[in-house]
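Worksheet: the structure to be examined is printed underneath.
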Protein chains: 2
Amino acid sequence: MTQRIKATVSYDGTRFSGFQVQDNQRTVQGELQKALMMIHKGQTIRIQASGRTDAGVHARGQVIHFDTEIRMGDYNWRKALNALLPDDVRIIDIAKADEDFHARYSVKQKQYKYFVLNAPEQDVFKRHYVHHVPYKLELDRIQQAITAIEGTHDFSAFCSASTGVKGDKVRTVYEAVCEKQDDMLVFTFTGSGFLYNMVRILVGTLIDIANARKEPEDMARILESKDRHLASKTAAASGLCLWKVDY
Amino acid sequence: MTQRIKATVSYDGTRFSGFQVQDNQRTVQGELQKALMMIHKGQTIRIQASGRTDAGVHARGQVIHFDTEIRMGDYNWRKALNALLPDDVRIIDIAKADEDFHARYSVKQKQYKYFVLNAPEQDVFKRHYVHHVPYKLELDRIQQAITAIEGTHDFSAFCSASTGVKGDKVRTVYEAVCEKQDDMLVFTFTGSGFLYNMVRILVGTLIDIANARKEPEDMARILESKDRHLASKTAAASGLCLWKVDY
C-alpha cells in the first residue's frame with residue numbers, strides 16, 4: 001500500500017533551470033526525482049509541487065508530495081534524501097500526509113519575498129539572492145502604491161505574456177508590504193495564488209514608482225487597465241524567493 | 001608624481017585560491033592587479049594587503065594600497081575598478097592616502113568573524129559562508145572557555161605547522177566573544193594580529209568544548225602547552241570572514 005509523503009524543500013535557484021523537469025537541464029524536480037529513484041531502486045517516483053519556480057528563483061519553503069511503498073521514519077526520510085541531494089537543495093521537513101493531501105490543489109495561500117538591495121555597490125555575499133538597484137528609491141512612494149495591490153483583482157497587467165495559463169487572471173492578494181532593513185527593501189506578498197511572473201512585474205513597477213519614473217497612483221490605474229504594456233519590466237529572478245506555502 | 005591609494009575590498013572567497021597571487025590560480029590579488037593593469041594601460045601595479053586570506057576565506061573589509069600616477073576622483077576610482085572586477089570582488093571604499101600609509105605595516109588591529117550554523121541541516125543560502133555543525137553545541141561551555149583567549153599569549157598551540165612565520169608567536173587578542181543569533185553562533189575575534197589559521201583552530205577547539213569532547217578549562221591548558229597537537233582540528237575556511245582592519 002502506498003503512503004503519501006509531504007516535504008518542505010529549500011533550494012538555491014542560482015544554478016537551476018527552474019523547478020520543473022526539462023530535457024538536458026538541471027532542475028530541482030529532476031534532482032529530487034533522481035534522489036527518490038535511488039531510494040526506490042530505480043523506480044520512477046513522480047513528485048508534485050505547490051507550483052513551479054523559474055530559473056534563478058529561490059525557495060525557502062517549497063512544498064512537494066509523492067507516493068511511496070517504502071516505510072521509513074520522518075528522520076530517516078530527511079537524512080536519506082539529503083544525503084543523495086546536491087548541496088543546493090535541502091529537505092527541511094518531511095512527514096507522512098493524508099492520502100487526500102495534494103501539494104498543488106490543497107494550497108490555501110502562498111507567500112513570496114522579494115529582496116532589493118538599494119546600495120551604491122552590489123554585496124558580494126548577497127549577489128545571487130537580491131536584485132541590486134544602485135539609484136535612489138523612495139520607500140514612502142512604495143508605501144503609497146503598494147496597498148492598491150491588496151484585495152481581489154484581475155492581475156492581467158502583471159502577468160507575463162508567455163504564460164500558459166488561459167482564462168481567469170483574478171487572484172486575491174491578502175497582504176502586500178515593503179519593509180526597509182538596512183540597505184535592503186524586503187517585499188512580502190501573501191495571496192491565494194500568483195500568475196506567471198506576477199511578483200516580479202509588481203516589484204519592477206514598484207521600483208519605477210520609487211524612482212519617480214512612475215507615480216504612486218499609477219499602480220491602481222495599471223491594475224484596472226489589464227494591460228501588460230503599462231506595467232514595468234519584470235524584476236530579476238535572483239531577488240525572488242518562495243517563502244512559505246500554507247495548507 | 002605617484003599618489004598612494006587605500007581601498008577597502010569585499011570578496012566572496014568561495015571560488016578563489018586565496019588572496020595572494022599564485023601561478024595558474026584564480027586569486028583576489030590577481031583579479032585586483034588585472035583590473036589595475038587595464039586602467040594603467042598594461043603597466044603592472046602591485047598591491048599590498050593587510051594580510052593574506054586562505055582559499056575559501058571571505059572578506060568584508062580587507063584593506064589594500066597601491067601607488068599610481070593616474071589622477072581620478074574617489075568615486076571614479078571605485079566605479080572604474082568595479083566595472084573591471086569580477087562579481088565576487090567589490091571595492092566598497094577607496095580614497096587617497098598619506099604616502100606613509102601601508103596596508104600591512106600600519107595595521108592597528110584586525111577583526112575576524114567566524115560563523116557556525118548549528119542546525120540539523122545545512123542552509124542552502126548560507127552554505128558557502130558558514131561551518132555547519134549538526135550536533136548539539138552548548139553556548140555556556142563556549143562562554144566559559146573563550147575568555148581565556150583574551151590577552152597577550154604565545155599562540156603556538158593555535159598556529160598551523162605549515163606557517164612560514166618563524167619566531168615570535170606572541171599575539172594580543174583584545175576581544176574574543178561568541179553570540180547566538182537564531183541557529184547561528186557568531187564568533188568575533190579582535191586583535192593586534194593573528195597567526196596562520198589561528199582563528200580557525202581556536203574555533204575548532206571551541207566547537208569540541210561546546211560538544212563536550214573537551215572541557216572549558218582545557219582552553220587555558222592548551223594555550224600554555226604551546227602544543228598544536230593538543231588543540232582541535234582547523235575549522236572550515238568557509239566560516240571565516242576578515243571583517244575589519246583598523247589603522
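Predicted model, so just to flag it, every value in this text is computed and none were measured. Here is the naming used below: chain letters follow the sequence lines, and residue numbers restart at 1 for every chain.
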Evaluate whether atom CZ of Arg104(A) has more than 12 neighbouring non-hydrogen atoms of other residues, nucleotides or ligands under 6.0 angstrom away.
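At most 12 heavy atoms, drawn from other residues, nucleotides or ligands, come within 6.0 Å of this atom.
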Please check if the number of heavy atoms outside Tyr135(A) that lie under 6.0 Å from its OH is greater than 12.
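Yes.
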Of all of Ile91(B), Asn82(B), Asp88(B), which one pairs up most often with chain A through heavy atoms under 4.5 Å apart?
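Of Ile91(B), Asn82(B), Asp88(B), Asp88(B) has the most heavy-atom pairs under 4.5 Å with chain A.
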Residue by residue, scan [range] and write down, ordered by number, those that have a heavy-atom distance under 4.5 Å to chain B; if none do, write 'none'.
{"range": "residues 179-188 of chain A", "result": "none"}
{"range": "residues 122-130 of chain A", "result": "Gln122(A), Asp123(A), Val124(A), Phe125(A), Arg127(A), Tyr129(A)"}
{"range": "residues 4-17 of chain A", "result": "Ser10(A), Tyr11(A), Asp12(A), Arg15(A)"}

Minimum-distance pair of heavy atoms, taken over all atoms of Lys79(A) and Pro120(B)
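Nearest pair, atom of Lys79(A) first, then Pro120(B): NZ-O, 3.9 Å.
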Which of residues 41-61 of chain B get closer than 4.5 angstrom to chain A, counting heavy atoms alone?
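Only His58(B), Ala59(B), Arg60(B) of residues 41-61 of chain B have a heavy atom under 4.5 Å from chain A.
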